[in-house]
Amino acid sequence: MGASGGFLELLCNDVSIDVLRRLDDPADLVRVSSISRSWHQFVANNGFCKKLCTRMFPELKCCCCVVEQSNVTRSSEVGPSSSTEQDVNVLEHRVFARLAHELKSTIKKEDCVSVAICASSTDHDPAESIENTLDSSDNVGQRPSYWSSEGESDPDLPEMLTYSLCSKLCIIEEVNIQPFEANFQFGHPIYSAEAVRFRMGFSKNIFYSLSHSEEEVVAAQRFDDDDDDCYIWTYVSPKFPMVQENSLQTFKLPQPVLCIGGILQIELLGRVQKQEMDGLYYICVSHVQVMGRPLPPVFDVKIPSAGQSCLLKYCPQTDCSTRPSASGGGWLALIARIRQSRQLGARGWSRTRFLNTLLGNAPAVHFGGSSDDDGGGRSSDDDGGGGSSDEY
């Protein structure tokens, strides 16, 4: 093996690419890129981290490029328009390595629904509006809590429920829906749909007015919801059969999906229950849950006013400020160890001891013969996690 390039210099590019593209752990790719400058350049120029992310979540193919917000106060952005090709490759490598780490994280699922935007129809608004589907209780006041479509004579006419998620980037694993059982009607009919399908994507209106409040954005979405061009869907699920039961039914996606843009639409396909008093078909829903997890605010997306390609936005300052500070881990612990090193650096430390303190390892053996009682030593319980070459 060569002194610097290793097997990358011994093998042709095609073979080296075939070897490295088989790595499916972002930490391995980051470690490979940390071996030397030539290895870092090879990994960055071939976009291995970006390709790993798109293999895990194909929805990311709609993100044409990356921009980095280099300063929160100035909101300046670094991206393809102001950088050389090599700079762009290095930026994408850094951002997608961090993104791959988040995509691989195992965090407990939560309900990601934030706002009910609109329904394709509503029988009695607001008493039977879509907002009722976000209430976990079966009754509000003295009335049952549910959404109801308008009555239709055609059982094949679908309905749509559209929601805004808690983040523009959410990993969604399943959607839970409970049909409504009308206990106040004879026979307690259940107004379920025959099947459901889910769409995820973004609304054009969100990205035209990023400075607007959430209420203004939702109002704009509701106003334009009848426009077929209002949304761009980056994912459409297969159909799932729905049973006519009064229970919270779980529809697990074939694989987790990255919702880019934070909009989820539920298509309710087919009507199975007539209302006795008017002979029309209805679909009614009591509860909706969208289970998954949002990505941290270090990541964002936006859409230029011209075109339909997403820009993946990376805000490293947000990343630093949101990392946990407990137990001496993360960036804050590293900063603390650097300050400690500066304060005690004039006391004649050896290189070994300096590195051990900086990296958070157990204190090195002092080779001077006398022990230091200056409070600069660290016990193993004070370890800040060790030194890692991971870029995320």
Side-chain angles (χ1 to χ4, degrees), residues 25-27 29-30 33 44 47-81 83 87-110 112-114 164-173 200-203 206-207 210-211 214 217 232 234-235 255-264 290-304 308-324 330-331 390-392:
D25 189 331
L29 285 171
V30 171
S33 67
F48 290 114
C49 288
K50 182 176 182 179
K51 292 173 183 176
L52 174 60
C53 289
T54 54
R55 286 203 305 269
M56 290 190 291
F57 292 91
E59 301 79 40
L60 280 167
K61 293 179 181 178
C62 76
C63 293
C64 63
C65 58
V66 172
V67 293
E68 181 175 14
Q69 184 169 318
S70 58
N71 188 292
V72 174
T73 57
R74 296 197 309 267
S75 296
S76 59
E77 293 182 352
V78 178
S81 61
S83 306
D87 291 336
V88 172
N89 292 338
V90 172
L91 172 63
E92 289 192 345
H93 166 71
R94 181 171 68 253
V95 173
F96 280 103
R98 177 73 172 87
L99 178 60
H101 170 68
E102 290 297 336
L103 297 177
K104 296 276 285 189
S105 298
T106 56
I107 302 176
K108 185 178 179 181
K109 292 184 295 186
E110 59 182 87
C112 293
V113 172
S114 174
S164 177
L165 304 183
C166 60
S167 171
K168 294 177 189 174
L169 290 169
C170 287
I171 297 176
I172 305 302
E173 298 186 22
M200 301 183 204
F202 53 85
S203 168
I206 286 183
F207 305 96
L210 292 175
S211 61
E214 183 179 42
V217 170
I232 296 176
T234 60
Y235 172 81
Q255 61 185 26
V257 174
L258 181 62
C259 180
I260 298 177
I263 301 296
L264 181 139
V290 181
M291 304 305 295
R293 57 183 177 90
L295 294 186
V298 62
F299 293 107
D300 196 2
V301 290
K302 71 176 186 178
I303 306 298
Q308 298 181 351
S309 296
C310 301
L311 298 178
L312 180 63
K313 195 171 184 178
Y314 178 56
C315 310
Q317 290 84 1
T318 306
D319 188 29
C320 182
S321 63
T322 56
R323 286 179 182 267
W331 288 107
D390 294 355
E391 298 189 8
Y392 48 80

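- Closest heavy-atom contact between Pro26 and His101: CG-N, 3.9 Å.
- Residues Cys65 and Val88 have side chains not in contact (no heavy-atom distance under 4.5 Å, counting atoms from C-beta outward).
- Within the 3.5 Å criterion, the main-chain N or O of Val298 finds no donor-acceptor partner in the side chain of Arg98.
- For the pair Phe96/Val66, a side-chain contact is recorded, criterion being any heavy-atom separation below 4.5 Å from C-beta on.
- Between Leu258 and Tyr235, the closest side-chain pair of non-hydrogen atoms is not below 4.5 Å.
- Side-chain contact check for Cys112 versus Ile172: some heavy-atom pair is nearer than 4.5 Å.
- For the pair Arg293 and Ser105, the tightest heavy-atom approach, listed with the atom from each and the gap, is NH2-O, 2.8 Å.
- The shortest side-chain heavy-atom distance between Pro58 and Gln255 falls under the 4.5 Å cut-off.
- In plain terms, the two heavy atoms of Leu165 and Val290 that are nearest each other are CD2-CG1, 4.2 Å.
- Taking 4.5 Å as the limit, some side-chain heavy atom of Phe57 sits within range of a side-chain heavy atom of Leu103.
- The heavy-atom pair separating Thr234 from Cys62 by the smallest distance is CG2-SG, 3.9 Å.
- A heavy-atom distance below 4.5 Å is found between the side chains of Leu295 and Leu99.
- A 4.5 Å side-chain heavy-atom check between Ile171 and Ile107 finds every atom pair outside the cut-off.
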*Might you work through the side chain to side chain contact (heavy atoms under 4.5 Å, CB included) test for Cys166 and Val113, ending with a clear yes or no?*
CA-CA 6 Å; Cys166 60; Val113 172; over 6 Å; no
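- Here the straight-line distance linking atom SG of Cys310 with atom CD of Glu59 works out to 11.0 Å at 0.5 Å rounding.
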*Take Leu312 and Val67 through the side chain to side chain contact (heavy atoms under 4.5 Å, CB included) test and state the conclusion after the steps.*
CA-CA 6 Å; Leu312 180 63; Val67 293; over 6 Å; no
